[in-house]
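To start, the structure under review is shown below, and the notes come after it.
Bear in mind that the values here come from a model prediction, so they are computed numbers and not experimental data. All ligand and atom numbering here is 1-based and tracks the order in the structure.
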Amino acid sequence: MDSDKRVVIIGAGIVGLAVALEVLRRFPSASVVVLEKESCVASHQTGHNSGVVHSGIYYKPGSLKAQLCVEGAEALLNFCDENEVPYERCGKVIVATAENELPRLEELFRRGQGNGLRGLRLLSTGEIQEIEPHAAGIRGIHIPGTAIVDFRRVTQRYAELILNQGGAIRLKNEVTGLKRFGQSTTLETTDGSLSSRLVINCAGLHSDRVKRMANDTRDLAIVPFRGEYYKISHEKEYLVKGLIYPVPDPQFPFLGVHFTKRIGGGVEAGPNAVLALKREGYDKTSFKFRDVVEIAAFPGFWKVASRHWQMSVGEYYRSWSKNAFARALQRLLPELSADDLVPGGSGVRAQAVDLNGKLIDDFHITFSEGIVNVLNVPSPAATASLAIARYIVDRIVLDMDTSFQH
Ligand SMILES: Cc1cc2nc3c(=O)[nH]c(=O)nc-3n(C[C@H](O)[C@H](O)[C@H](O)COP(=O)(O)OP(=O)(O)OC[C@H]3O[C@@H](n4cnc5c(N)ncnc54)[C@H](O)[C@@H]3O)c2cc1C
């Protein structure tokens, strides 16, 4: 195949596959190849998340997250309808449990209105308990449109459609090098090399490494934050009807431990956010020397660590102490006890940090000749995947010489 018409996407998570699908939809004559180092799609963040189709209440109006989450949630649920992927609009309540959280709760309500969310309602304690009879809270917000879905299943459906439309997904194919020659990029992989006019880096937890393979500067680093879950024991699942969330701390891009009904059954509690000592480290004891050294060598990491060390200590404590984890959850659900929690799974978030030690909050995607780097697409990127894909392909059409179109 003529490498001028080839688009290579690195990473078969939900974002990489949504992009592949959108390229095929817009340029049916393009040859789309997805390279994935694991033996199946959705192996990392996409297969280890909370399964919530976020509504867009958290994000600053005008930000990419706000725009693409709202658009993406609608597109995703339409996709699920058309492709018979099950989901449930179970709705969500965000509850303030202390007076000092009220201004932030009101700010979230304003953001939700600014982002055009329908059916939002401010709740009194009594109204919270009409929706979630066992939840605590002095005030709350009800977001009726929030849904739950299995993102692994959505991604598998994206993969089937890509293959049906002539795209290729090459598994166990890790990209190890990128070299630009004239208008083409040669990719070295663990299964040979190939060339392409356009490369789209959707490598999640490794997206900063892939960016540097092309001799790009190290202006940001991916810092992995593990999120650990408990499950609520079967007998106590009745305590949660849908989704119960706290008011998040605006200093952090994480939402705080919460309760999530799962589409496949059961209720999860979590996730926390602890610094992971391995990029794909799903256990408390996971450690990889190269990953730790690389993070420690990035100046921005030490700035973020010095600013947020107190939060980190608290998160580590809750990670090792089930009682402490349970206490954080009891603020939302006082009837719950540590005995009602059984160990659940975990996921690792790819969170980009810049040289100044700022946790990059918004989605961050860069476009340069021949390569698009998708560098910060944490939650709600699974929700927003189809809208992120549209955004990227729109920019490719506008900004780049796209000979693969014809
Ligand atoms: C604990 C947790 C809870 C979350 N909850 C939600 C939620 O409820 N709702 C929501 O919308 N979002 C949620 N998210 C965020 C969401 O899961 C991610 O934003 C989304 O999955 C990112 O998708 P991705 O395709 O960018 O990354 P990934 O799914 O991580 O995919 C990247 C892929 O690239 C591959 N790869 C990496 N390097 C290479 C290489 N060199 N060569 C070839 N392949 C490579 C990896 O193997 C991987 O398969 C959550 C995330 C976590 C971790």
Side-chain angles (χ1 to χ4, degrees), residues 8-20 33-56 58 65 68-69 72-73 76 92 146-152 154-155 158-159 169-178 187-191 199-213 222 224-229 243 245 253-255 257-258 260 262-263 268 270-274 276 279-280 282 344-352 363 365 374-389:
V8 173
I9 290 147
I10 305 172
I14 197 165
V15 174
L17 293 187
V19 171
V33 179
V34 182
L35 301 175
E36 167 56 52
K37 67 184 170 63
E38 305 294 348
S39 56
C40 60
V41 305
S43 288
H44 291 295
Q45 296 174 90
T46 300
H48 294 86
N49 61 35
S50 299
V52 177
V53 181
H54 287 292
S55 56
Y58 296 110
K65 270 189 179 174
L68 300 181
C69 180
L76 182 78
K92 160 168 161 177
T146 304
I148 51 174
V149 76
D150 178 349
F151 284 117
R152 197 186 283 263
V154 171
T155 309
Y158 290 177
I169 302 173
R170 299 191 195 162
L171 302 172
K172 297 188 192 164
N173 218 307
E174 179 170 355
V175 175
T176 53
L178 289 178
L187 296 101
E188 298 299 332
T189 84
T190 45
D191 195 30
V199 174
I200 307 178
N201 162 17
C202 301
L205 286 150
H206 297 270
S207 54
D208 58 339
R209 283 184 178 155
V210 170
K211 173 178 181 274
R212 274 184 299 135
M213 283 178 197
I222 294 294
F225 284 94
R226 188 173 51 253
E228 298 155 334
Y229 296 89
L243 306 169
Y245 279 61
F254 314 121
L255 300 180
V257 288
H258 48 262
T260 318
R262 299 296 309 213
I263 188 79
E268 276 183 345
N272 57 1
V274 286
R279 291 202 183 206
E280 286 147 5
Y282 296 100
S346 67
V348 184
R349 308 167 178 92
Q351 174 60 51
F363 293 152
I365 302 167
V374 178
L375 295 166
N376 194 56
V377 284
S379 186
T383 301
S385 55
L386 293 169
I388 292 173

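The proximity of His206 to ligand 1, defined as any non-hydrogen pair under 4.0 Å, is limited to the side chain. Contact annotation: for Val374 versus ligand 1, there are no heavy atoms closer than 4.0 Å. Proximity of Phe225 to ligand 1, defined as any heavy-atom pair under 4.0 Å, is not found for any part of the residue. With a heavy-atom cut-off of 4.0 Å, Arg209 does not touch ligand 1 at all. Contacts with ligand 1 closer than 4.0 Å are made by backbone heavy atoms (N, CA, C, O) of Leu35 only, the side chain lying farther away. Counting heavy atoms closer than 4.0 Å to ligand 1, residue Ile10 contributes side-chain atoms (C-beta onward) but none from N, CA, C or O. Of the heavy atoms in Pro378, only backbone atoms (N, CA, C, O) come closer than 4.0 Å to ligand 1. Contacts between Ala350 and ligand 1, counted as non-hydrogen atom pairs separated by less than 4.0 Å, are absent for every part of the residue.
The atoms of ligand 1 that sit less than 4.0 Å from any heavy atom of Tyr229 are 1 (C), 2 (C), 3 (C). Under a 4.0 Å criterion applied to the non-hydrogen atoms of Arg349, ligand 1 contributes the atoms 52 (C), 53 (C). Listed by atom number, the atoms of ligand 1 under 4.0 Å from Val377 heavy atoms are 18 (C), 19 (O), 22 (C), 26 (O). Interface atoms of ligand 1 facing His48, defined by a heavy-atom separation under 4.0 Å, are 1 (C), 2 (C), 52 (C), 53 (C). Under a 4.0 Å criterion applied to the non-hydrogen atoms of Ile14, ligand 1 contributes the atoms 21 (O), 23 (O), 25 (O). Short contacts between ligand 1 and Glu38, defined as distances under 4.0 Å to a heavy atom of the residue, involve ligand atoms 47 (O). For ligand 1, the atoms sitting less than 4.0 Å from at least one non-hydrogen atom of Gly11 are 33 (C), 34 (O), 35 (C), numbered in the order shown with element in parentheses.
Taking a 4.0 Å cut-off on heavy atoms, Gly227 fails to register as neighbouring ligand 1. Residue contacts with ligand 1 include Asn173, since one or more of its heavy atoms lies under 4.0 Å from the ligand.
Not one N or O of Val348 is nearer than 3.5 Å to an N or O of ligand 1, by distance alone. Geometrically, ligand 1 and Ser50 share a nitrogen or oxygen pair separated by less than 3.5 Å. Residue contacts with ligand 1: Val175 is placed with a nitrogen or oxygen under 3.5 Å of a nitrogen or oxygen of the ligand (distance criterion only).
In this structure, Arg226 fails the cation-pi test against Tyr282, since its NZ or CZ atom is not both closer than 6.0 Å to the six-membered ring centre and inside 45 degrees of the ring normal.
Residues satisfying the salt bridge (charged side-chain N to carboxylate O under 4.0 Å, His left out) criterion with Arg212, sequence neighbours excluded, are Glu294.
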